[in-house]
Every structure is written in C-alpha cells, then in structure tokens.
Amino acid sequence: MRLLIMGPPGAGKGSQAPLLKKTYGIPHISTGDMFRAAIKQGTPLGIQAKAYTDKGELVPDQVTINIVKERLQEPDCQAGFLLDGFPRTIAQAKALDVILKEMNISLDAVININVPDDILIQRMSGRRMCRQCGASYHITNIPPQVANVCDVCGGSLYQRKDDSLETVGNRLEVYYKQTQPLLDYYAQSGLIHHINGAKDVEDTFNQVKTILEELHDFH
Ligand code: AMP
C-alpha cells in the first residue's frame, strides 16, 4: 500500500499515521519528523531547516525533495509507505511523480482530512509532544495519564515551538496558499479521497479504513 495523507496542520495526520503503519505494516515517512530529528541532532540539514520550521514556513523544495527521495529508496519502503506532510507544494508533487516513475511504482490513494479552522487552532495550540519518542498528546483531547509525562516511554512532554499561537496562524496561511492547490492536482489523477476529521482519532480512522478496504476489494 502506497499512501499519501494530507490535510492542514492539526488535521490529525500524525495521529492516523501510527494506526495506518500498524494496520498495513508500512513505514511512516513524515518530513516534519525527519526535520525535527535533524534539528535535535544539530546536523547541517537540521540547522538549515530550523530557520524555516520555527516560523511555520516551508523548508525549500529541493532540500525536502532530496530527503524524501533518499528515504523512499530504503529497503523497508518496498512493502509500501505512508507519506505524511509531503508533498506540500506543486513542485514537490511533481518531483514525487518523477521519483515514483523512476522507481516504477505508483500511489494507491491520497487521503485528505478536512477539519474547520477553529478546531485546527484549538488542536495545535493544545498539542504536546514527547521529547524522547515523538508521541503526540493534547492537553484536553488526548491527555497523558500523568501530566507532562509520555504514556509510551516516560519521556517529558513539550510544546512544539511552531504550535505556539503566534505561529499557528502563519502555518494555516502557508497551508491554504501553498498546499491546498495539491487537492486539485490529485483530484485530476482520481486518487483523492476526502474524509471528515473533525471528530476523534477513532472516527477518522474508521473512515480511512473504509476507503482503503473498498480500494482493496476493487483491485
Ligand atoms: P509537520 O510536522 O508536518 O507539521 O511539519 C513541521 C514543519 O516542518 C513545517 O511547518 C515545515 O516548516 C517543515 N516541513 C515539513 N514537511 C515539509 C515539506 N513537505 N516541505 C517543506 N517544509 C516541510
């Protein structure tokens, strides 16, 4: 299964991804996670990316395309993959088409999660992440069992700098301007499926599963 998961920041892509990874046995490739890991390690990529991610701006296309191209060539992607947060621009989508063509593979589906802005803002500003394993929480919607402690690994929770209220508005603006046009791009190829992500993680996942099961039956 080769999937793209799309939607504005805060739509729940990062909450659906581990479920899809587990259900379909495919690696979860999140460019946001890759940049955060590089920033934490202080690599040249991380230093370059930080200037953009802190402000909620997009990291330049060529940098992003290169890391995805390398990642897709890792052996675990032979089983399929879930791309999360990539592509985010038309240039990235076109580059992905070329990469996949060179690899002689194609996408099975693009899942787009729709959520109204007021809910997105509430979700992002309350989001907390584990410093150690990257697991995602929300102060009221998905609280950890012990305040500020990760249920999975015991690591401490923090708020992403780009989830601060000042940056969230800019990320939404960047999304509507640069990423939303991709919905038309993928509509033209007939790959896109829209779902409503306004409720909880389980409700959203049930919709995703229904779509993917239908696809599977069809093939
Ligand atoms: P995310 O975790 O997907 O919300 O990504 C966090 C940040 O990483 C974004 O706000 C961007 O600064 C950067 N980023 C992630 N994916 C991309 C991408 N495909 N293109 C450019 N920048 C990206």
Side-chain angles (χ1 to χ4, degrees), residues 3-18 20-21 27-72 81-100 107 110-113 115 117 119-131 133-138 157-183 185-186 197:
L3 300 174
L4 290 192
I5 191 158
M6 298 193 54
K13 304 185 294 291
S15 300
Q16 295 301 310
L20 284 163
K21 177 179 171 172
H28 168 212
I29 304 176
S30 154
T31 41
D33 284 350
M34 288 161 93
F35 288 134
R36 279 184 288 280
I39 291 168
K40 195 171 162 193
Q41 286 161 19
T43 65
L45 171 70
I47 293 164
Q48 192 181 7
K50 191 173 184 334
Y52 299 94
T53 57
D54 275 356
K55 287 184 288 188
E57 302 287 340
L58 296 185
V59 177
D61 281 336
Q62 208 47 56
V63 176
T64 312
I65 291 164
N66 286 343
I67 61 165
V68 172
K69 185 172 181 176
E70 275 181 22
R71 181 65 187 87
L72 288 176
F81 51 79
L82 169 66
L83 273 174
D84 159 12
F86 180 93
R88 259 176 156 101
T89 63
I90 295 281
Q92 291 180 14
K94 288 187 173 160
L96 178 64
D97 285 345
V98 173
I99 294 169
L100 297 179
L107 295 173
V110 177
I111 307 280
N112 176 51
I113 310 180
V115 176
D117 279 3
I119 299 183
L120 294 174
I121 292 167
Q122 189 263 358
R123 283 187 187 166
M124 279 190 276
S125 51
R127 175 157 58 187
R128 298 291 181 271
M129 307 267 294
C130 173
R131 217 174 267 288
C133 76
S136 183
Y137 298 86
H138 187 279
L157 305 188
Y158 76 107
Q159 181 177 39
R160 274 167 54 176
K161 197 166 177 187
D162 60 347
D163 277 341
S164 64
L165 213 46
E166 306 88 74
T167 315
V168 159
N170 189 37
R171 287 169 68 201
L172 283 178
E173 234 171 81
V174 167
Y175 169 79
Y176 286 117
K177 209 163 131 202
Q178 298 189 256
T179 307
Q180 204 181 34
L182 290 183
L183 302 184
Y185 184 85
Y186 286 115

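As the structure lists them, so they are numbered: ligands from 1, and atoms in each ligand from 1. No hydrogens, no waters, no symmetry mates; every other heavy atom, side chains included, goes into these values.
Of all the heavy atoms of Q178, none lies under 4.0 Å from any atom of ligand 1, so neither backbone nor side chain is involved. At a heavy-atom cutoff of 4.0 Å, ligand 1 is contacted by the side chain of R36 but not by its backbone. Looking at T64 against ligand 1, only its side chain comes within 4.0 Å, counting heavy atoms.
The two residues T167 and G56 make their nearest non-hydrogen contact at CG2-N, 3.6 Å. Here the closest heavy-atom approach between residue L58 and residue Y52 is recorded as O-CD2, 3.3 Å. A pairwise comparison of heavy atoms in A17 and D84 identifies CB-OD2, 4.2 Å as the closest pair. Nearest approach of C130 to L157, heavy atoms of both residues: CA-CD2, 3.6 Å. Here the closest heavy-atom approach between residue I5 and residue K13 is recorded as O-CD, 3.7 Å.
Atoms of ligand 1 found under 4.0 Å from any heavy atom of R160, numbered from 1 in the order shown, are 1 (P), 2 (O), 4 (O), 6 (C). Shown in contact with T31 at under 4.0 Å from a heavy atom are these atoms of ligand 1, numbered in order with element: 15 (C), 16 (N), 17 (C), 19 (N). Ligand-side atoms of ligand 1 in range of E57: 11 (C), 12 (O), range being under 4.0 angstrom from any heavy atom. Shown in contact with Q92 at under 4.0 Å from a heavy atom are these atoms of ligand 1, numbered in order with element: 18 (C), 19 (N), 20 (N), 21 (C).
Polar contact with ligand 1: absent for Y52 (N/O pair, distance under 3.5 Å). Between G85 and ligand 1, a contact under 3.5 Å exists for at least one N or O pair. At a 3.5 angstrom cut-off on N or O pairs, F35 does not count as close to ligand 1. Where the criterion is an N or O separation shorter than 3.5 Å, residue side chain and backbone included, R171 meets it with respect to ligand 1.
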side-chain hydrogen bond (donor to acceptor under 3.5 Å, both in side chains) for D61 and T89? Distances and angles first, verdict last. CA-CA 8 Å; D61 281 336; T89 63; 3.0 Å; yes

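Under the side chain to side chain donor-acceptor pair (under 3.5 Å) test applied with D163, the options R171, R128, R123 reduce to a single match, R171.
Using a 4.5 Å cut-off on side-chain heavy atoms (C-beta onward), V68 and P87 make no contact.
Regarding atom 8 (O) of ligand 1, its nearest protein heavy-atom neighbour is T53 CG2, 3.4 Å. Closest protein heavy atom to atom 10 (O) of ligand 1: D162 OD2, 4.0 Å. For atom 22 (N) of ligand 1, the closest heavy atom belonging to the protein is V59 N, 3.0 Å. If you check which protein heavy atom lies closest to atom 1 (P) of ligand 1, you get R88 NH2, 3.5 Å.
Between K94 and D97 there is no salt bridge, since no side-chain N of the basic residue sits under 4.0 Å from a carboxylate O of the acidic one.
In this structure, a donor-acceptor pair under 3.5 Å is absent between the side chains of N170 and Y175.
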